[in-house]
Participant: 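Have a look at this one before I ask anything.
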Amino acid sequence: MFVAIMLIATVAIVACAAAAWFTRSVFPLLGTIFLLPVANIYVGGIGFFVGLLATTIISNASETDLRHARWFFGLWAAWLLWTTIGLFSIEATWRQLLQAIEFLFYGVLAWQVTTICKTDSQLFVRILISGILGCVALSLIATLAFVVSGAEWPSGILGRNEAAFVIVALGLIPALYLLARPTWLVRIPPMRPQLLSAIVLFVFTAALLEARAAMATAALLIVYTLAFGVLRRRAVGAAAVGAVLGLSGLVAGLASGVLIQSADLSASFSNLERLSLLQASFRLFLERPILGWGWGSIDALIPVVPETVLSYPHPHNSLAHFAVELGIFGVVLFVLLAFRPLARAISLSKRGFQSEALFCISASACIFLLGMTGVVFYGASRAIPAVILLAMVEALPLQSFVRIDDEEPSIESPANSQ
């Protein structure tokens with residue numbers, strides 16, 4: 001049944017991508033992002049890419065240029081250059097070559113998303129809503145899978161952790177952003193009850209899937225959004241207060257021993273194994289700290305290291321993943337990817353776009369926090385949603401949104417929004 005659902009969604013997303021080349025309507029594009037969470041992530045990701053390409057060329061040809069995503073291009077070009085250098089320093093495999101091409105694909109995908117969202121604010125909001133609806137569909141299917149299959153997770157749909165990541169990145173963060181906005185675009189009706197229902201469903205699904213990191217991140221993002229409202233819509237101030245309270249709670253937990261007791265490494269094989277994976281990753285990093293072992297090499301390295309006893313394909317930590325494969329450059333790269341949205345948030349907040357700053361800070365928290373317990377860019381199931389989220393960050397602020405400054409609404413000009 002679940003394989004059939006995935007196949008139908010995949011065929012539909014390919015059909016939508018093909019239709020986008022023959023019409024100026026935005027509905028095929030919206031259909032691709034709606035179907036993306038449920039479809040086969042590789043075929044669906046390519047279909048989404050093709051649909052975006054059609055929209056970029058046909059509908060926004062006059063607006064298509066590199067300035068909307070120059071940061072992405074610079075970062076992706078540096079990553080590709082470092083990957084190429086690394087390929088010459090090791091015995092390259094087809095897996096590594098394909099991953100280098102895959103990463104180039106993510107860079108162009110980011111450019112497409114940023115360009116389309118930057119040049120059409122109405123379409124941007126529709127894309128957000130389509131992503132939320134797609135994650136609602138994924139949540140319902142995941143809930144059904146849990147009820148039907150129980151502990152034996154069915155094939156044909158995303159894994160538990162991957163599904164939870166997609167739901168947080170493409171569902172929860174856009175829903176919280178739209179809920180927090182003080183104004184709406186023309187012809188976009190208020191959807192507060194629907195958004196609240198979707199947020200409850202997303203949190204429930206993360207808990208049902210036992211995705212601990214996603215559930216904790218979802219709870220933190222919801223608390224942050226509430227603090228944002230209490231602190232008179234000051235995104236950076238709410239984040240600073242939350243960070244101080246979170247660090248205070250962490251220090252208190254360590255001092256009291258509560259966190260050590262809850263971790264209980266002696267009784268939790270999963271925790272012990274992940275700690276061993278980090279130790280192995282650190283050793284591998286020290287062996288080749290400059291160029292690393294090469295992009296795409298982690299799945300060949302981790303299963304054979306002596307520190308672990310199971311054949312995990314990756315170290316369950318994005319920082320460790322980047323450090324092992326790309327060396328020092330990988331450490332810097334992950335920091336840039338995780339905290340670039342935070343820099344955007346500070347800039348937007350200073351200009352009065354508090355709700356957009358909330359979106360950016362939430363994106364930064366998602367990439368960093370879930371990156372500490374998973375590998376965000378290992379495979380398309382997490383990489384495509386993460387790239388879409390980061391590209392949306394680059395597209396903000398939306399040109400036709402009303403900005404509130406000292407109770408006086410004004411419209412930001414396109415020139416000021418670059």
Side-chain angles (χ1 to χ4, degrees), residues 13 17 29 32-33 36-37 39-56 64 66 68-87 94-118 127 131 134 158 162 165-166 168-170 173 292 294-299 313-314 318-319 321-322 325-326 329-330 332-341 344 363-364 366-368 370-371 374-395:
I13 203 173
L29 174 62
T32 58
I33 195 169
L36 183 62
N40 176 278
I41 195 66
Y42 289 96
V43 178
I46 294 173
F48 182 54
F49 170 86
V50 171
L52 281 172
L53 184 62
T55 305
T56 304
T64 301
L66 301 185
H68 294 318
R70 56 184 179 272
W71 181 83
F72 265 120
F73 267 94
L75 185 63
W76 253 251
W79 189 340
L80 189 62
L81 175 62
W82 202 260
T83 300
T84 304
I85 294 173
L87 289 175
W94 279 109
R95 166 73 172 171
Q96 291 161 316
L97 293 172
L98 288 175
Q99 283 221 325
I101 296 171
E102 184 180 333
F103 179 70
L104 182 62
F105 162 76
Y106 296 146
V108 179
L109 180 62
W111 165 65
Q112 291 175 327
V113 173
T114 304
T115 299
I116 290 174
C117 292
K118 192 73 175 178
I127 287 175
L158 289 174
E162 288 82 359
F165 179 86
V166 173
V168 172
L170 296 186
I173 291 176
W295 182 249
S297 62
I298 197 76
D299 56 346
H314 53 71
S318 291
L319 182 59
H321 173 210
F322 278 57
E325 293 194 340
L326 300 174
F329 175 79
V332 175
L333 179 61
F334 177 73
V335 171
L336 288 175
L337 287 170
F339 295 109
R340 163 67 179 183
R344 292 279 299 137
S364 188
C366 174
I367 299 298
F368 177 74
L370 294 183
V375 276
V376 174
F377 290 93
Y378 179 87
S381 59
R382 289 184 178 92
I384 290 178
V387 165
I388 293 173
L389 181 64
L390 292 173
M392 288 177 174
V393 165
E394 293 300 308

Participant: Can you label the angle between the W79 ring and the F377 ring as parallel, tilted or perpendicular, going by 30° and 60°?
Facilitator: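 Taking F377 first and then W79, their aromatic rings stand perpendicular (interplane angle over 60°).
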
Participant: Do the side chains of I127 and C117 get nearer than 4.5 Å, heavy atoms only?
Facilitator: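 C117 reaches I127 side chain to side chain.
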
Participant: Quick one: does any side-chain atom of T32 pair with a main-chain N or O of I13 as donor and acceptor, under 3.5 Å?
Facilitator: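 Checking the backbone N and O of I13 against the side chain of T32, no donor-acceptor pair under 3.5 Å is found.
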
Participant: Between the main-chain N or O of M392 and the side-chain N or O of T114, is there a donor-acceptor pair closer than 3.5 Å?
Facilitator: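 No; zero donor-acceptor contacts below 3.5 Å.
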
Participant: Taking atom OH of Y106 and atom CD1 of I388, what is their separation to the nearest 0.5 Å?
Facilitator: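 These two atoms lie 10.5 Å from each other.
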
Participant: Taking the side chain as C-beta and beyond, is there a heavy-atom pair between V375 and I298 under 4.5 Å?
Facilitator: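 SC-SC contact between V375 and I298 ruled out.
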
Participant: So do L337 and L75 actually touch side chain to side chain, heavy atoms under 4.5 Å?
Facilitator: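 Yes, at least one pair of side-chain atoms sits under 4.5 Å.
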
Participant: Between W82 (side chain) and F329 (backbone), is there a donor-acceptor pair under 3.5 Å?
Facilitator: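 A pair under 3.5 Å: no.
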
Participant: Taking all heavy atoms of C366 and all of I173, pick out the closest pair and write down the distance.
Facilitator: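 Taking every non-hydrogen atom into account, CB-CD1, 3.7 Å.
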
Participant: Over all heavy atoms of both residues, which pair between G371 and V376 is shortest? Give the atoms and the distance, please.
Facilitator: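 Here G371 and V376 meet closest at CA-CG2, 3.6 Å.
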
Participant: Quick check for you: to the nearest 0.5 Å, what is the distance between L109 atom CG and I46 atom CD1?
Facilitator: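 The CD1 atom of I46 is 11.0 Å from CG of L109, to the nearest 0.5 Å.
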
Participant: Taking the side chain as C-beta and beyond, is there a heavy-atom pair between S381 and V166 under 4.5 Å?
Facilitator: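 No, their side chains stay 4.5 Å or more apart.
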
